[in-house]
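Notes to accompany the following structure.
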2 protein chains.
Amino acid sequence: MEINKVTIHDIAKALGIDSSTVSRALNDSSRVTKKTKDKILKKAEELGYQRNLLASNLRKNVTNTIGVVVPRISRHFFSSAIQGIEEAAYQSGYNVIICQSLEQLEREKNILESLAANRVAGVLISISMETMNYDHMNGLKQGGIPFVFFDRHCSIPENNNVLIDDFKGGFDATQHLIDKGCKNIVHFSGPQELGIYKNRFDGYKAALKKNNLPFKDAYVLSSRLMEQDGFENAKSLLENVLDFDGIFSANDVAAIGAMKYLLNEGIKIPDDVAIVGFSNEPISTVINPALTTINQPGFEMGKIATDLLLKQVKNKTTLLKTQTIILDSNLIERDSSKK
Amino acid sequence: MEINKVTIHDIAKALGIDSSTVSRALNDSSRVTKKTKDKILKKAEELGYQRNLLASNLRKNVTNTIGVVVPRISRHFFSSAIQGIEEAAYQSGYNVIICQSLEQLEREKNILESLAANRVAGVLISISMETMNYDHMNGLKQGGIPFVFFDRHCSIPENNNVLIDDFKGGFDATQHLIDKGCKNIVHFSGPQELGIYKNRFDGYKAALKKNNLPFKDAYVLSSRLMEQDGFENAKSLLENVLDFDGIFSANDVAAIGAMKYLLNEGIKIPDDVAIVGFSNEPISTVINPALTTINQPGFEMGKIATDLLLKQVKNKTTLLKTQTIILDSNLIERDSSKK
DNA sequence: CTGTTAGCGCGTTCAG
DNA sequence: CTGAACGCGCTAACAG
């Protein structure tokens, strides 16, 4: 198989015309005869020409690629957000390059550096749990590359954000458990540097207060909310014989970990303990009717964040006012009448 | 915030030296004094220089990026494969760009075109369910961009493949059900154009034959194996009062769909119907002890496929013999003594 | 409508 | 060890 080195010059030479005409034809410029355009396209096809986007982008000093940085693509919330991002991006003629930080600041730094070096048009980012500030966004700033935070953000309020009303979500989740009769509700909490976890925690406290239930430090278990954390949280709860009857987990993964442990111990979840998780992980619809979830509109969020970003991209010269868009979440209760 | 346009020329000018020296210094060439190198690096830092990879790659006519194309990043098998790919790639100094075809041939075509235009160093691909031939790989071939199929491949045997022994997997799954006492085993099958589904089906038939059980057409339900398909398969089974006592699903998603339906109908899965799904979706460890799975080593597969690809990339000039690597899968039985 | 010229930012000759 | 010049492939400006 012959390696392709066909450039616009080759096809220009073969046709006895100039390469700039070829370039125009390939870009479907109106300033080329339909006739020569056809001739050029045919020749290009014939020679197996493939445009070199590197060169094109370098010359134009733009790219039609936006970068997306998420902690983990396998998390349902993020993959559905990515779906929304891709849809909105393709609609506007942009490509998407997806990167995962795996919750590691170091990787996040490398990714942003690489995106900046590749001159992406903009960046959508949901920061890792290790990220405590915006220092590593400076590369993008210096390069004039706009960025938008979605879902996860540092608690410093500035920049462009697309978020979910986590306070309300935390409040609703807790209220739901209280309505079901729970009086001793445990909270699995995440790093407080991330606004989402702080806000969910605040919502939890607010609901307790409103219902005149006491807040107890011992009922709050902090972790990075991995499945293993939930598993160990549940274990520790049982061992310390804490008298709990409900769990509000700040994400779905830890909730699932806890359920695994409880199931293993033969504790029937619906009757003894009510659990609310914070995500739209579809596993929750099957695993057990006990897991009520706070649904996060990932797909919609992705689209909105992308639109906001592209607005920045297109008005790169005129600095737009930063803004924060807050989306609503909604509680989805499982039908626990089914066994 | 000032937009960065700092090039090597700027930093050269600021230091009264030539840009080529700067270039060499930034690439850590041995042909530059340590002293001037330090001076240059310091100045680069000071001016906020950011290398332009577009220009660099254009000049060198290479990139350190490999493209990965999968049907869906949210599928556990693929996201764990991607994990393996990233690990192997980073280790060799390559970046990874992840794309999803969403099982659509049209999107797959666009993605490959875009990857070729961006001159990626190589491509790892798991084809969509709509893909019936290799025609759209020609762009890569012409561009001299090597590619490796992993997991999913067309049934045409050529090119580089990293696969799982699906025949054995299908056989093991069926044998497992037979060992548990099943006599009427239904098979949820996928598009036969994809080798994986054909091989799993063949394994199913072989196991039946070996155990002197009759093969019945009516027990084979073909679909694209989405969750909804599994759901409807189960529904159709119950409505047609087929006398079945086991299900072997060619993937996990359809198995989960079927379980949802059965659960909804109040059919206790462990006792009445045994199910084997084909994947390593972790949901299966929780959803119900009845779901035994054929575990696919996604992470390992990703690493191996990447190593194979990079070997091709590095020996681009000398055409290597195509090869197929086949990995083993293993059956993971759930502990059904637990309720 | 087409050709000419110049240059995007960088790396690699080749001299010195 | 460093500088000058050229060109990767493409496109924008200006002629004509």
message: Can you work out whether B/Thr33 or A/Ala55 has the more 5'-proximal nearest nucleotide on DNA chain D?
response: B/Thr33

query: Between the side-chain atoms of B/Arg59 and the base atoms of D/dG9, is any donor-acceptor pair under 3.5 Å?
result: no

- prompt: Hey, does the side chain of B/Thr21 come within less than 4.0 Å of D/dG3's phosphate (OP1/OP2), counting only N and O?
  reply: yes

- line: Rounded to whole Å, CG of B/Asn57 lies from C1' of C/dT12 at a distance of 16 Å

statement: In whole angstroms, the gap separating C1' of C/dG9 from CZ of B/Arg51 amounts to 11 Å

- prompt: Relative to the 5' end of DNA chain D, which residue comes earlier, B/Thr36 or B/Leu58, by the nucleotide with the nearest heavy atom?
  reply: B/Thr36

query: A/Phe147 and A/Tyr134: aromatic ring centres closer than 6.0 Å?
result: no

message: Which heavy atom of A/Ala305 sits nearest to which heavy atom of A/Val162, and what is that distance?
response: CA-CG2, 3.7 Å

message: Could you report the tightest heavy-atom contact between A/Leu26 and A/Ala44, atom names first, then the distance?
response: CD2-CB, 4.4 Å

task: Round to the nearest Å and state the distance from B/Leu54 atom CG to D/dC8 atom P.
output: 17 Å

- prompt: To the nearest 10 degrees, how far apart in direction are the end axes of the helix from C/dC1-D/dG16 to C/dG16-D/dC1, each fit to five base pairs?
  reply: 40°

query: Taking atom P of D/dA5 as reference, at what distance in whole Å does atom NE2 of B/His9 sit?
result: 12 Å

Between P of D/dC8 and CG of B/Asn118, the distance in whole Å: 20 Å

- request: Could you state the atom-to-atom distance from CD1 of A/Ile17 to P of D/dT11 in whole Å?
  value: 14 Å

query: Base, sugar-phosphate alone, or nothing: which one does B/Arg24 contact when heavy atoms must sit under 4.0 Å apart?
result: base

Exam field: side chain A/Ser56 to backbone A/Asn52, donor-acceptor pair closer than 3.5 Å: no

Distance, rounded to the nearest Å, where B/Arg119 contributes CZ and D/dG9 contributes P: 9 Å

query: Which pair of non-hydrogen atoms, one from B/Ser79 and one from A/Ser74, has the smallest distance, and what is that distance?
result: OG-CB, 3.3 Å

message: Is the phosphate of D/dT11 approached by A/Ser23 (side-chain N or O, under 4.0 Å from OP1 or OP2)?
response: yes

